[in-house]
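Structure first, commentary second.
All ligand and atom numbering here is 1-based and tracks the order in the structure.
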Amino acid sequence: MKNDNNLDVSPADVLVTTGAKQAIFEAICTLIDEGDEVLLLDPAWVSYSAIVKFAGGKPVMVPVSEQEGYVPVDLQSHMTRNTKLLILNSPCNPTGAVYGKNVVKAAAEAAEDHGVFVLSDEVYEKIIYGAKHHSIGSLVPDRTITINGFSKAYAMTGWRLGYATAPAPILQGMLKIQQHSVSNATSFVQRAGVEALRGDQGAVRAMVAEFKKRRDIMIDALRKMGIECAPPRGAFYAFAKVSQFGNSVEVTEKLLRDALVAVTPGSAFGPNGEGYVRLSYATSRQNIEDGINRIEASLAQA
Ligand SMILES: Cc1ncc(COP(=O)(O)O)c(C=O)c1O
């Protein structure tokens, strides 16, 4: 956290969790009471709104547009007296947006002005193509919960390991929830995490270079089929506009049924994702080419 993101933390400021998702769950359950509003940038990763609702809060969807690179342009106008938390996720699942310095600074100022906490989900920070990752916790540490994990950068998805830092009272609340639910992250997986962080990072660089090639194959192929898709600057998803073929769920079901290709309907990420589907390129080049060919054949019959 110190090296990558300029966060001034000591070991006591870090909670090791059973995946980033558990950390997000614990943070939201600690902070959110009945009726509290939580700003989500729509389209947003599926679990945020579900967890906010679980905690009794109200997800407030702030649409971000493809034309503006899927970055928030006016957060202030969505903040009310009830806004408790803003969730940021850069690089973003599903859009692949990476927030530049000015976007992060504006979000920090909005949070400061309105007394809002920020949950910054940075699990894709290392899967980034030429852009630079900015961590909002370096600007407003007193109101930021920073979340990271090993599922993406180190492909340790099933091993369930993540970590968080937050202001002490929030971290204490998170620890309480963890102690009385899952107890702790698996001890020997924590050892593997230490190896992952301390070891040679060449494997991560090689994987990101390969993801970039896969991204380019997928985006080019989609464009050749007449499907628009802004090139993602991070993570490993293409968020493709398919409204000419039907709504998100119809297209998803058709591709699953006819082409045996699994995509995620954009509407699962929020109302603003309607008309899009999310494709993952965390699979081999061969699978990507086969999948795209099947999608093309299936949609040609639409
Ligand atoms: C944005 C985002 N945050 C968190 C997670 C969960 O990560 P973990 O496997 O560490 O729980 C995912 C996984 O898909 C994700 O896309």
Identify the protein atoms, limited to N or O, that lie within less than 3.5 Å of an N or O atom of ligand 1, and list each pair with its distance to 0.1 Å.
| residue | atom | partner | partner atom | Å |
| --- | --- | --- | --- | --- |
| ligand 1 | 3 (N) | D121 | OD2 | 2.6 |
| ligand 1 | 9 (O) | S151 | OG | 2.6 |
| ligand 1 | 9 (O) | R160 | NH1 | 2.8 |
| ligand 1 | 10 (O) | A20 | N | 2.7 |
| ligand 1 | 10 (O) | S151 | OG | 3.3 |
| ligand 1 | 11 (O) | A20 | N | 3.2 |
| ligand 1 | 11 (O) | K21 | N | 2.9 |
| ligand 1 | 11 (O) | R160 | NH2 | 2.7 |
| ligand 1 | 14 (O) | K152 | NZ | 2.9 |
| ligand 1 | 16 (O) | N93 | ND2 | 2.8 |
| ligand 1 | 16 (O) | Y124 | OH | 2.8 |

*Do you know the tightest heavy-atom contact between Y163 and T17?*
N-OG1, 3.6 Å
*Heavy atoms only: give me the nearest N184-T18 pair and the separation to one decimal.*
O-CG2, 3.7 Å
Scan the side chains in residues 103-120 for donor-acceptor partners under 3.5 Å anywhere in the protein, sequence neighbours excluded, and list what turns up.
| residue | atom | partner | partner atom | Å |
| --- | --- | --- | --- | --- |
| D113 | OD2 | Q76 | NE2 | 3.4 |
| H114 | NE2 | Q76 | OE1 | 2.7 |
| S120 | OG | E122 | OE2 | 2.6 |

*Does a side chain donor of either Y281 or E210 reach within less than 3.5 Å of an acceptor in the other side chain?*
no
*Donor-acceptor side-chain pairing of E125 and N5 below 3.5 angstrom*: yes
_More than 12 heavy atoms of other residues, nucleotides or ligands under 6.0 Å from CG of N3: yes or no?_
no
